[in-house]
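We use all heavy atoms of the structure for the numbers below, so side chains are in, but hydrogens, waters and symmetry mates are not.
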Amino acid sequence: MKTREITIGGLLAALSLIIPLAFGGVLGIVIPPFSATLASHVPVMLAMLISPATAVFVGVVSAIGFLIKLGHIIAARAAVHAVFGYVGAKMIQRGYSFPVALAVTLPIHAVLEAIVVMPFGFDFYKAFVVVGVGTMIHHTIDSAIALALFYVLNPILKFKAVDIKN
C-alpha cells in the first residue's frame with residue numbers, strides 16, 4: 001500500500017468510527033426493527049475509490065464503532081460494509097464508474113444485511129422487507145452523499161475512479 005492510500009484510509013476509518021460513536025442513535029432513523037444512521041455508509045463508499053483493502057478496513061472499523069455504541073445486531077449489519085465495499089472497490093479497479101459500483105452493491109448490501117439479522121430471531125418479513133428495503137433506501141441516500149463528496153473531493157484527492165459517463 002502506498003502512503004497516500006494508508007493516510008486516506010485512516011481518515012475514512014476514523015470517520016467511520018466517529019459516525020456511530022457521535023451520531024449513532026442521534027442522526028438515526030428507527031423503524032423497529034430497522035435502524036439507520038445517516039451517512040454511516042459514506043466512508044466505506046469513498047474507501048472503494050482507494051482500494052479493496054482500504055474498503056474492507058473501513059468497513060471493519062465501522063462495525064467496531066457500531067458494536068461499541070449500538071450493540072451486536074447493528075454491528076453484525078455494519079460488518080456487511082466490508083463485503084459490499086470490497087465488491088465495489090474491485091469493480092472500480094476493473095474500470096467501472098463509481099455510480100455503477102454503488103448501484104451494483106445496493107442489492108448485495110441489502111440482502112446481506114437481511115441475512116445477517118436472521119440468526120438474531122428476525123423472521124422473513126422483518127429481515128427482508130423491513131431491514132432489506134430499509135437498507136436499500138439508506139444505501140441510496142448515502143450513495144447520493146458519497147457521489148456529491150466524490151465530485152467535490154476528486155479534483156483534490158484525484159481518485160482513480162472512472163467518471164460518471166461510464
Side-chain angles (χ1 to χ4, degrees), residues 1-29 35-106 108-110 112-113 116 134-166:
M1 284 185 115
K2 297 178 182 174
T3 304
R4 177 184 174 281
E5 291 176 8
I6 293 169
T7 303
I8 295 171
L11 291 170
L12 291 170
L15 187 58
S16 75
L17 190 61
I18 289 168
I19 289 171
L21 293 178
F23 303 114
V26 177
L27 276 181
I29 299 165
S35 67
T37 302
L38 185 63
S40 62
H41 303 124
V42 173
V44 75
M45 289 172 171
L46 292 175
M48 293 185 328
L49 298 163
I50 307 303
S51 72
T54 303
V56 170
F57 175 65
V58 172
V60 169
V61 172
S62 174
I64 293 168
F66 279 103
L67 178 62
I68 293 167
K69 181 71 175 199
L70 297 174
H72 63 284
I73 296 173
I74 306 296
R77 288 179 45 217
V80 168
H81 298 178
V83 177
F84 88 77
Y86 176 81
V87 171
K90 290 303 276 185
M91 289 182 66
I92 290 167
Q93 273 188 341
R94 292 189 174 134
Y96 290 92
S97 69
F98 186 41
V100 168
L102 291 172
V104 169
T105 58
L106 184 147
I108 295 166
H109 183 188
L112 288 177
E113 282 208 22
V116 82
T135 299
M136 290 175 75
I137 294 166
H138 187 197
H139 184 102
T140 302
I141 293 166
D142 283 359
S143 291
I145 296 167
L147 282 169
L149 287 171
F150 168 70
Y151 288 110
V152 168
L153 296 174
N154 196 30
I156 301 162
L157 298 177
K158 299 183 183 2
F159 292 118
K160 297 174 190 172
V162 181
D163 195 9
I164 199 166
K165 295 177 185 102
N166 229 8

Do [X] and [Y] have side chains that approach each other closer than 4.5 Å (heavy atoms only, starting at C-beta)?
{"X": "F84", "Y": "L112", "value": "no"}
{"X": "R77", "Y": "T135", "value": "yes"}
{"X": "S35", "Y": "I74", "value": "yes"}

When T54, V56, V61 are each screened for side-chain contact (heavy atoms from CB on, under 4.5 Å) with V58, the one that passes is T54
Between [X] and [Y], what is the shortest heavy-atom contact and its length?
{"X": "A146", "Y": "F98", "result": "O-CE2, 3.9 Å"}
{"X": "P20", "Y": "S62", "result": "CG-O, 4.3 Å"}
{"X": "M136", "Y": "A110", "result": "CG-CB, 3.4 Å"}
{"X": "A55", "Y": "A47", "result": "CA-CB, 3.7 Å"}
{"X": "P52", "Y": "Q93", "result": "CD-NE2, 3.3 Å"}
{"X": "V152", "Y": "P155", "result": "O-CD, 3.4 Å"}

Distance, nearest 0.5 Å, that separates [atom1] of [X] from [atom2] of [Y]:
{"X": "I141", "Y": "I29", "atom1": "CD1", "atom2": "CD1", "answer": "6.0 Å"}
{"X": "L38", "Y": "I145", "atom1": "CG", "atom2": "CD1", "answer": "4.5 Å"}
{"X": "M48", "Y": "Y96", "atom1": "CE", "atom2": "OH", "answer": "14.0 Å"}
{"X": "L21", "Y": "F23", "atom1": "CG", "atom2": "CZ", "answer": "10.5 Å"}
{"X": "H81", "Y": "T105", "atom1": "NE2", "atom2": "OG1", "answer": "11.0 Å"}
{"X": "I137", "Y": "L106", "atom1": "CD1", "atom2": "CG", "answer": "10.0 Å"}

[X] (side chain) donor-acceptor with [Y] (main chain) under 3.5 angstrom:
{"X": "S143", "Y": "H139", "value": "yes"}
{"X": "H138", "Y": "T37", "value": "yes"}
{"X": "H41", "Y": "T140", "value": "no"}

